[in-house]
Amino acid sequence: MNRHALALKFHSFSPQYALSLSNLTLQSPNPLQFRVPNVSSSPVSLRSRSSAADVSPVRYTDVSSSSSIGSLGGTGGVVVAEKPIDVATLGNLCVDIVLSVDELPPNSRGERKALMDELSLSPPDKKYWEAGGNCNMAIAAARLGLQCVAIGHVGDEIYGEFLLDVLHEEGIGTVALDGEAANAKDASSFCETLICWVLVDPLQRHGFCSRADFKEEPAFSWITDISDEVKMAIRQSKVIFCNGYDFDDFSPSFIMSTIDYATKVGTAIFFDPGPRGKSLSKGTPDERRALSHFFRMSDVLLLTSEEAESLTGIKNPVKAGQEILRNGKGTKWVIVKMGPKGSVLVTKSSVSVAPAFKVEVVDTVGCGDSFVAAIALGYIRDMPLVNTLTIANAVGAATAMGCGAGRNVAKRHHVVDLIKASKLNDEESLLKELLAENPETPKVNLLSKGMRKEGSNKQQIEIISMEKVVSELLPELELGRCCVKASS
């Protein structure tokens with residue numbers, strides 16, 4: 001491959017955020033077309049070259065009943081009312097163009113813009129193209145057996161066609177956000193599919209650059225209203241996944257309206273602020289207000305340990321998670337990702353801990369997206385919490401063993417192989433770190449390779465053996481059903 005000397009901003013996988021809870025306590029204040037998998041029997045229009053697909057009306061559970069949307073299940077999970085779509089993703093649909101370089105150039109905005117424009121004049125060979133952004137999460141979720149729909153904007157050009165083809169091949173439906181671009185400046189470029197140039201140096205460091213970096217307003221700021229088709233997709237989805245990059249696509253007011261509508265119709269909101277959280281916490285009043293709204297209204301929040309510490313000022317991931325949970329209005333789970341150490345899931349009544357799998361890491365791009373796909377699986381299927389973390393760790397680790405994201409995210413058989421091997425990192429040091437400051441946790445569920453632990457008076461530690469978890473996960477994964485039965 002020819003070397004492309006493209007200067008990019010660096011993507012930090014462990015951003016040191018300057019977030020604080022005080023910054024997140026602000027006062028809240030086009031026809032579309034479906035392209036969906038065949039799930040039942042009510043016709044809708046399609047954006048695709050495939051045969052027509054159907055979506056059945058939603059049957060809602062009485063929200064006053066014990067089995068209502070978002071109520072706690074018997075294993076600490078959440079019971080979700082019957083809806084035909086499992087997961088919808090909001091925005092952040094882009095094509096990644098992945099290029100290897102000898103070194104990443106200096107971070108000069110002017111150089112970066114000029115070189116990006118130069119590269120854009122002649123599209124690289126398609127072998128360097130990959131579905132990116134929220135496509136990663138949708139693909140990982142679909143491979144776990146979930147019905148998925150991607151809500152977002154793609155252009156009517158070669159990149160848009162490529163993206164739609166990839167999603168369709170993975171069995172993922174799309175709901176087009178087309179809006180009205182007539183008043184947009186430079187309307188042609190505003191309507192194009194987002195392209196993200198990804199530079200990878202010999203040390204596997206990544207730089208990312210897209211036209212969103214050079215716009216004073218979101219790429220699709222002309223999308224202002226939630227259409228009936230988008231509302232139907234949200235209404236018929238059990239979970240809607242959003243991340244910080246949605247602010248590159250849409251205005252804060254559109255994002256807040258989407259959050260409010262999802263809450264109104266009982267669709268669980270998953271939010272991962274990601275690397276954009278840092279700039280959003282220091283952004284415009286509208287951006288800070290929308291970010292605050294996410295933290296209050298999301299059912300499930302996912303953060304790295306660095307992000308959780310920066311948000312709360314608390315280093316201990318368990319205590320940080322508990323603090324975030326206390327400040328949420330509808331928050332049920334706070335999940336703290338600790339990279340090669342493992343992950344933690346905090347609820348109001350318990351803390352679940354799962355060490356990471358031992359793997360040879362090739363590329364970390366897409367690991368977080370794959371991880372959240374498995375968390376959605378556990379949430380929707382009411383899995384035991386430790387089982388949910390275990391499969392999420394496995395899916396993230398399986399993705400890390402490959403190169404790149406998109407169609408390179410974990411396949412089910414790779415996840416099965418990791419779970420069968422059951423090679424976990426050290427649980428002793430992880431548990432010691434998490435409980436070092438004696439957080440006031442009534443119950444700790446620990447995934448263990450078999451060693452027993454003794455809890456203090458404040459910590460009731462329940463050991464859950466890897467053998468037991470494997471026996472529950474493998475039959476479902478190997479059959480490709482992924483509907484894990486709850487266990488005591």
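FYI, the numbering just counts along the sequence from 1.
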>> Tell me whether Asp299 contacts the main-chain N or O of Ile269 through its side chain, where contact means a donor paired with an acceptor under 3.5 Å.
In response: yes

message: Strictly distance-based, threshold 3.5 Å: is any side-chain N or O of Glu170 a donor or acceptor partner for the main-chain N or O of Arg143?
response: no

Do Ile324 and Thr331 make a side-chain contact, defined as non-hydrogen atoms from C-beta onward lying under 4.5 Å apart? no

*Within a strict 4.5 Å, meaning less than it, do heavy atoms of the Ile139 and Val166 side chains meet?*
yes

Across all chains, not counting sequence neighbours, the side-chain hydrogen bond (donor to acceptor under 3.5 Å, both in side chains) partners of Glu287 are none

key: Side chains of Ser305 and Lys341, donor plus acceptor under 3.5 Å   = no

Rounded to the nearest 0.5 Å, the OH atom of Tyr261 sits from the OG1 atom of Thr267 at a distance of 8.0 Å

Spell out, as yes or no, whether a donor-acceptor pair under 3.5 Å connects the side chain of Asn243 to the backbone of Pro273. no

>> Counting C-beta onward and ignoring hydrogens, is there a side-chain heavy-atom pair between Cys135 and Leu93 closer than 4.5 Å?
In response: yes

Less than 4.5 Å apart, any side-chain heavy atom of Leu303 and any of Val334?
yes

Point to revise | Test item: Asp260 and His293 side chains (from C-beta on) under 4.5 Å apart, heavy atoms | key: yes

_Quick check: do Val386 and Thr390 have side-chain heavy atoms less than 4.5 Å from each other?_
yes

Subject >> Trace of the side chain to side chain contact (heavy atoms under 4.5 Å, CB included) decision for Asn327 with Phe295 >> reply: CA-CA 8 Å; Asn327 283 274; Phe295 275 96; over 6 Å; no

- Query: Just by modelled atom types, is the Pro355 backbone N or O under 3.5 Å from a matching donor or acceptor in the Asn393 side chain?
  - Reply: yes

Backbone of Val98 reached by a side-chain donor or acceptor of Asp96 within 3.5 Å = no

Regarding Ser279 and Arg276, do their side chains bring together a donor and an acceptor under 3.5 Å, going by distance alone? yes

Nearest heavy-atom approach of Pro340 to Asn425 is O-ND2, 2.6 Å

Could you go through Glu323 and Lys319, starting from their C-alpha distance and side-chain angles, then the distance that decides it, and tell me whether this counts as salt bridge (Lys or Arg N to Asp or Glu O under 4.0 Å)? CA-CA 6 Å; Glu323 180 67 15; Lys319 277 193 168 183; over 6 Å; no

Is the Trp333 ring parallel, tilted or perpendicular to the Tyr379 ring (thresholds 30°, 60°)? perpendicular

Show your reasoning for whether side chain to side chain contact (heavy atoms under 4.5 Å, CB included) applies to Lys329 and Met297.
CA-CA 6 Å; Lys329 179 179 178 181; Met297 303 306 296; 3.8 Å; yes

Residue pairs passing the salt bridge (charged side-chain N to carboxylate O under 4.0 Å, His left out) test with at least one member in residues 261-272, sequence neighbours excluded, are Asp272-Lys337

(message) Would the distance check show the side chain of Lys238 and the main-chain N or O of Lys83 forming a donor-acceptor pair, the cut-off being under 3.5 Å?
(response) yes

When every non-hydrogen atom of Glu472 is compared with those of Asn387, the smallest separation belongs to OE1-ND2, 2.7 Å

Looking only at heavy atoms, the pair that brings Asp426 and Ser429 closest together is OD2-OG, 3.0 Å

By ring-ring contact (aromatic ring centres under 6.0 Å, His included), Phe250 pairs with (sequence neighbours left out) Phe254

Apply the test side chain to side chain contact (heavy atoms under 4.5 Å, CB included) to residues Asp369 and Val409: give CA-CA distance (whole Å), side-chain angles for both, the deciding distance (0.1 Å), then the verdict. CA-CA 9 Å; Asp369 300 317; Val409 300; over 6 Å; no

The reported gap from CD in Glu306 to NZ in Lys315 (rounded to nearest 0.5 angstrom) is 8.5 Å

CG of Leu167 to CZ of Arg407, rounded to nearest 0.5 Å, is 10.5 Å

dist Leu163:CG -> Trp129:CH2 (nearest 0.5 Å) comes out at 10.5 Å

task = Would you check, one step at a time, whether the test side chain to side chain contact (heavy atoms under 4.5 Å, CB included) holds for Met338 with Val353?
result = CA-CA 11 Å; Met338 302 175 67; Val353 181; over 6 Å; no

Closest non-hydrogen atoms of Ile172 and Ala150, given as atom of the first, atom of the second and distance, are CG2-N, 4.1 Å

### Message
Quick check against the 3.5 Å criterion: does Glu427 have a side-chain atom that pairs as donor or acceptor with the backbone of Lys449?
### Response
yes

Taken to the nearest 0.5 Å, the spacing of Ser237 OG from Leu146 CG works out to 11.5 Å

Q.
Counting C-beta onward and ignoring hydrogens, is there a side-chain heavy-atom pair between Val372 and Val300 closer than 4.5 Å?
A. no

**Study point:** Flag side-chain contact, heavy atom, 4.5 Å: Phe294 against Ile255
**Key:** yes

Discussion item. Quick check against the 3.5 Å criterion: does Thr263 have a side-chain atom that pairs as donor or acceptor with the backbone of Ile259?
Written reply: yes

Correct closest heavy-atom pair for Val87 and Ala376 would be CG2-CB, 4.0 Å

Separation between CG (Leu194) and CG (Asp248), nearest 0.5 Å, reads 8.0 Å

Taking every heavy atom of Lys348 against every heavy atom of Leu325, the minimum-distance pair comes out as N-CD2, 3.3 Å

